[in-house]
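This report refers to the structure that appears directly beneath it.
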Amino acid sequence: MSRRRYDHDTVAIGAGPSNLSLAALYEGACGRPLPVFERNPGPAWHEGLMLPGARLQTSWIKDLVSLVDPRHELSFLNYIVTTGRIYGFLNAQFDAIPRLEYARYLAWAAEHLDVTYGAGVDRVAYRDGFELYGGGRLLGTARHVVFGLGTRPHVPPCFASRALPGVILAEHLMGRLPDLTGHDAPAVVVGGGQTGAECVLALLRAGFRDVQWIGRRHWFAPLDDSPPANDLYRPSYLGFFAGLPEATRRRLLREQVTTSDGVSMSSLQEIYQAEYEERLRNGGRPLTLLPGRDVVAVSGRGGAVTMRCRLTTGGHEFREARHVVLATGREPAPLPLDPELAEMVELDEAGEPVVEQHYSLLWKHADQHRIFVQNRARLTHGINDPNLSLLSVRAACIVNALFEREAYRIRDEHTFTIWPDSHRPR
């Protein structure tokens, strides 16, 4: 067994919601802070997506800690009370809290934790323990490491292969919106989810009079936030899902997609009402919905972007716009593993790291040195994994695994849904 001394027992890389939740529960379990290294110079959470009116799709009670430790000082309730806004917040009667409020809650929580900003980790090596490097220098060593790197925008291949001036990532729209011209020319939003809906609303509010919204599904599906759908976002479902064959898990993820990637009903209603009122006021067609279309090729000429769309009903059509906003989803950020360390990690058939029960990777030295990952276990842990709903539950699972004891008891006892388990006695 190694006798090497480490700077830290465990370190977390990335100061997004996942690792802030982990750091809060870690310190609550052992009384010691968990060092968190963050690339950004200060608190930041999807800054470019703080469009006016943007709301979370998750209840505020599903904060960093409350589902497993409701008495923790870093709960959202404690934040809203101690910042003096509890009565204004209650009187506003939000169905869903503003995304900006959640970002400020995260920044408030980070102030109480051991977060080092401006410390980007671009390489993690293994030499009888983990060595963290950033900017060519050693930042620290640790026995265990937790990656909570979040996601980055997914850019469809046809857009990724072309540098077109009129194409804007959704997370850049807020900064670019004041400078966009040609409000009478077509402006297209590609992506039929919640971010796409928010971009559509932002363009309408900015005075664009020909907004076209393209989505791949046959309709712009609302988020399924029903009680049966939310059964998928419970700890009791995690164990069931993990025990299914991989092919079954992949099929279920496809079937369950609108419980995670649908559009909030309030956003859809606001879009339809905004379009109706604008047509009453100025006539014309301020908004066109274009479902059942997948952009497969793009080109640019004369300041316009031309898109070839494959139709779900067969065939193709062309769309042209001066501005195209990409709201085409997000994907996990790559793990900054040293090539030698990456060679020791077990991969699945898709070339992704194998994630075990407690969100740890299956790798050569996992018996002594654990690598945990957050937001990368959708295939093994279910549709809830990159979602904020079970944020604290996931963090508690990792804390329990690190300390090899039940530091946090995860209770989910009042359930009456019986999933079709083929191993259940008949």
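Just so you know, residue 1 is the first one in the sequence shown, and it goes up from there.
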Subject >> Trp213 versus Gly193, closest heavy-atom pair with distance >> reply: CZ2-O, 3.9 Å
Original post:
Taking all atoms of both residues into account, what is the closest heavy-atom pair of Met174 and Pro178, and its distance?
Top reply: O-CD, 3.5 Å
Original post:
Should the pair Glu270-Arg55 be classified as a salt bridge under the 4.0 Å nitrogen-to-oxygen rule?
Top reply: no
Original post:
If we only count heavy atoms from C-beta on, is the Asn384 to Leu232 side-chain gap below 4.5 Å?
Top reply: no
Original post:
What residues form a side chain to side chain contact (heavy atoms under 4.5 Å, CB included) with Asp69, not counting sequence neighbours?
Top reply: Leu25, Arg71, His72, Tyr408
Original post:
Mind checking whether Trp60 and Phe76 have parallel, tilted or perpendicular rings, split at 30° and 60°?
Top reply: tilted
Original post:
Which residue pairs pass the salt bridge (charged side-chain N to carboxylate O under 4.0 Å, His left out) test with at least one member in residues 222-250, sequence neighbours excluded?
Top reply: Asp231-Arg234, Arg234-Asp412, Glu246-Arg250
**OP:** Might you work through the side chain to side chain donor-acceptor pair (under 3.5 Å) test for Tyr105 and Thr83, ending with a clear yes or no?
**Re:** CA-CA 10 Å; Tyr105 162 59; Thr83 54; over 6 Å; no
Original post:
What's the shortest heavy-atom distance between Leu223 and Ser264, and which atoms?
Top reply: CB-N, 4.2 Å
Below 3.5 Å, can you tabulate the donor-acceptor pairs from side chains in residues 85-93 to any protein atom, sequence neighbours excluded?
| from | atom 1 | to | atom 2 | distance (Å) |
| --- | --- | --- | --- | --- |
| Arg85 | NH2 | Tyr79 | OH | 2.6 |
| Arg85 | NH2 | Glu101 | OE2 | 2.4 |

**OP:** Determine which pairs satisfy side-chain hydrogen bond (donor to acceptor under 3.5 Å, both in side chains) with at least one residue from residues 153-167, sequence neighbours left out, and list them in order.
**Re:** His154-Glu331
Original post:
Regarding Thr415 and Tyr237, is there a side-chain donor-to-acceptor distance under 3.5 Å anywhere?
Top reply: no
Original post:
Quick one: do the Glu277 and Gln273 side chains pair a donor with an acceptor below 3.5 Å?
Top reply: no
Subject >> Heavy atoms from other residues, nucleotides or ligands near CZ of Arg251 exceed 12 (cutoff 6.0 Å) >> reply: yes
Original post:
For the residue pair Gln57 and Gly262, what are the closest heavy atoms and their distance?
Top reply: NE2-O, 3.2 Å
**OP:** Assess whether side chain to side chain donor-acceptor pair (under 3.5 Å) is satisfied between Arg322 and Thr181, documenting all intermediate values.
**Re:** CA-CA 9 Å; Arg322 183 166 185 171; Thr181 59; 3.1 Å; yes
Donor-acceptor list for residues 354-363 side chains, cut-off 3.5 Å, not counting sequence neighbours:
| from | atom 1 | to | atom 2 | distance (Å) |
| --- | --- | --- | --- | --- |
| Ser360 | OG | Arg370 | NH2 | 3.4 |
| Trp363 | NE1 | His369 | O | 2.9 |

Original post:
What's the verdict on side-chain contact (heavy atoms from CB on, under 4.5 Å) for Leu180 and Phe208, showing C-alpha distance, side-chain angles and the deciding distance?
Top reply: CA-CA 10 Å; Leu180 297 184; Phe208 282 84; 3.8 Å; yes
**OP:** Specify the closest pair of heavy atoms between Gly382 and Leu253, including all atoms of both residues, with the distance to one decimal.
**Re:** C-CD2, 3.8 Å
**OP:** Apply the test side-chain contact (heavy atoms from CB on, under 4.5 Å) to residues Leu337 and Met344: give CA-CA distance (whole Å), side-chain angles for both, the deciding distance (0.1 Å), then the verdict.
**Re:** CA-CA 10 Å; Leu337 300 179; Met344 303 183 205; over 6 Å; no
Subject >> Test salt bridge (charged side-chain N to carboxylate O under 4.0 Å, His left out) applied to Arg301 and Glu320, step by step >> reply: CA-CA 10 Å; Arg301 187 177 63 183; Glu320 186 175 276; 5.9 Å; no
Let me have the donor-acceptor pairs involving side chains of residues 118-126, under 3.5 Å, with sequence neighbours excluded, atom names and distances please.
| from | atom 1 | to | atom 2 | distance (Å) |
| --- | --- | --- | --- | --- |
| Asp122 | OD2 | Gly135 | N | 3.0 |
| Arg123 | NH1 | Asp338 | OD1 | 3.0 |

Subject >> Donor-acceptor pair between Ser266 and Asp95 side chains, under 3.5 angstrom >> reply: no
Original post:
What's the verdict on side-chain contact (heavy atoms from CB on, under 4.5 Å) for Val190 and Arg293, showing C-alpha distance, side-chain angles and the deciding distance?
Top reply: CA-CA 9 Å; Val190 181; Arg293 293 160 172 87; over 6 Å; no
Original post:
Which pair of non-hydrogen atoms, one from Ala407 and one from Val399, has the smallest distance, and what is that distance?
Top reply: CB-CG1, 4.1 Å
Original post:
Hey, does Leu164 have a side-chain heavy atom less than 4.5 Å from the side chain of Val298?
Top reply: yes
